[in-house]
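Report on the following structure.
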Amino acid sequence: MGEVYDPSKDWQLPGPNGTPHAGSYGSGPGSGSGSGGGGAGFQYDEATLHELVREWSDLASEFEDDLSYAALLQRTEGPGTEYASGGNAERVRASGEALHETLTARSQYCRSMAEKFRAALGKYATAEDTQTTEVKRTGGSL
């Protein structure tokens, strides 16, 4: 198993020689599709996966909370009845629409990322259960 991702470490993409650095993204020694490999990408421990789910979910909630500000912009009315006030309000409403779309898309992206880490937790738990069953089957103990 490769090195576990540590968000407090500096990380970078693998260099020209293909050697991954701490927390880097990509395949390295012990990864890949061969026996014992974990595949390309980061490797996280269970606590880190839980933290990532929480952080992505919190970020999605922040974007969703900001939707109320976009709604205010979407309902903007001009201060007067002249052309300039109406035109200005129309532009502000268009900005509110764009902000609403952007916040919604970002929230959906964050929820999607949180779900990916939840799925990884499920795989983690399944792998752990499989290993526990195998150890017990061979007469070992944990």
Side-chain angles (χ1 to χ4, degrees), residues 1-137 140-142:
M1 182 169 160
E3 189 169 352
V4 173
Y5 173 72
D6 181 353
S8 65
K9 290 185 180 179
D10 290 334
W11 61 274
Q12 55 187 324
L13 294 174
N17 62 0
T19 305
H21 302 280
S24 66
Y25 182 82
S27 60
S31 65
S33 58
S35 64
F42 287 109
Q43 295 180 5
Y44 300 105
D45 61 10
E46 186 177 7
T48 301
L49 287 171
H50 281 290
E51 180 64 17
L52 287 168
V53 168
R54 186 190 64 75
E55 287 181 14
W56 280 109
S57 296
D58 288 352
L59 186 56
S61 294
E62 288 180 36
F63 285 128
E64 290 160 1
D65 291 345
D66 289 341
L67 287 171
S68 62
Y69 297 117
L72 288 173
L73 293 174
Q74 290 172 302
R75 294 189 306 264
T76 298
E77 295 293 327
T81 57
E82 77 282 354
Y83 175 77
S85 292
N88 186 35
E90 183 179 317
R91 298 300 245 168
V92 171
R93 285 191 300 271
S95 293
E97 286 293 328
L99 178 59
H100 185 273
E101 289 175 21
T102 300
L103 291 171
T104 299
R106 290 182 180 172
S107 171
Q108 289 171 348
Y109 176 81
C110 292
R111 295 277 177 216
S112 171
M113 290 300 294
E115 189 53 41
K116 288 178 184 181
F117 287 111
R118 275 189 203 92
L121 274 166
K123 290 178 184 177
Y124 184 95
T126 299
E128 192 170 270
D129 289 346
T130 300
Q131 294 299 321
T132 300
T133 302
E134 182 62 26
V135 167
K136 288 179 180 177
R137 186 186 66 76
S141 64
L142 296 177

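Listed by chain and residue number, Gln74, Arg75 satisfy the side chain to side chain contact (heavy atoms under 4.5 Å, CB included) test with Ala71 (two or more places apart in sequence, or in another chain). Applying the ring-ring contact (aromatic ring centres under 6.0 Å, His included) test to Tyr69 and every residue at least two apart in sequence or in another chain returns nothing. Shown here are the side chain to side chain contact (heavy atoms under 4.5 Å, CB included) partners of Val53, two or more places apart in sequence or in another chain: Ser57, Phe117, Arg118, Leu121. Legend: residues meeting side-chain hydrogen bond (donor to acceptor under 3.5 Å, both in side chains) with Ser112, ordered by chain and number and at least two apart, are absent. In terms of the side chain to side chain contact (heavy atoms under 4.5 Å, CB included) criterion, residue partners of Thr104 (sequence neighbours excluded) are, by chain and number, Leu67, His100, Gln108. Qualifying salt bridge (charged side-chain N to carboxylate O under 4.0 Å, His left out) partners for Glu51, counting only residues two or more places apart in sequence or in other chains: Arg54. Among residues two or more places apart in sequence or in another chain, the side-chain hydrogen bond (donor to acceptor under 3.5 Å, both in side chains) test is passed with Glu77 by none.
Between Leu73 and Gly96, the shortest heavy-atom distance links the atoms CB-CA, 3.6 Å. Taking all atoms of both residues into account, the shortest heavy-atom contact from Trp56 to Cys110 is O-CB, 3.5 Å.
Residue pairs meeting the salt bridge (charged side-chain N to carboxylate O under 4.0 Å, His left out) criterion with at least one partner in residues 89-111, sequence neighbours excluded, are Glu64-Arg111.
In this structure, OH in Tyr109 is found 10.0 Å from CG in Leu59, a value given to the nearest 0.5 Å. Rounding to the nearest 0.5 angstrom, the gap separating the CG atom in Asp66 from the OG1 atom in Thr102 is 12.0 Å.
With hydrogens and angles left out, the side-chain atoms of Asp45 and Thr48 include a donor and acceptor closer than 3.5 Å.
Between Val92 and Asn88 the shortest side-chain heavy-atom distance falls below 4.5 Å.
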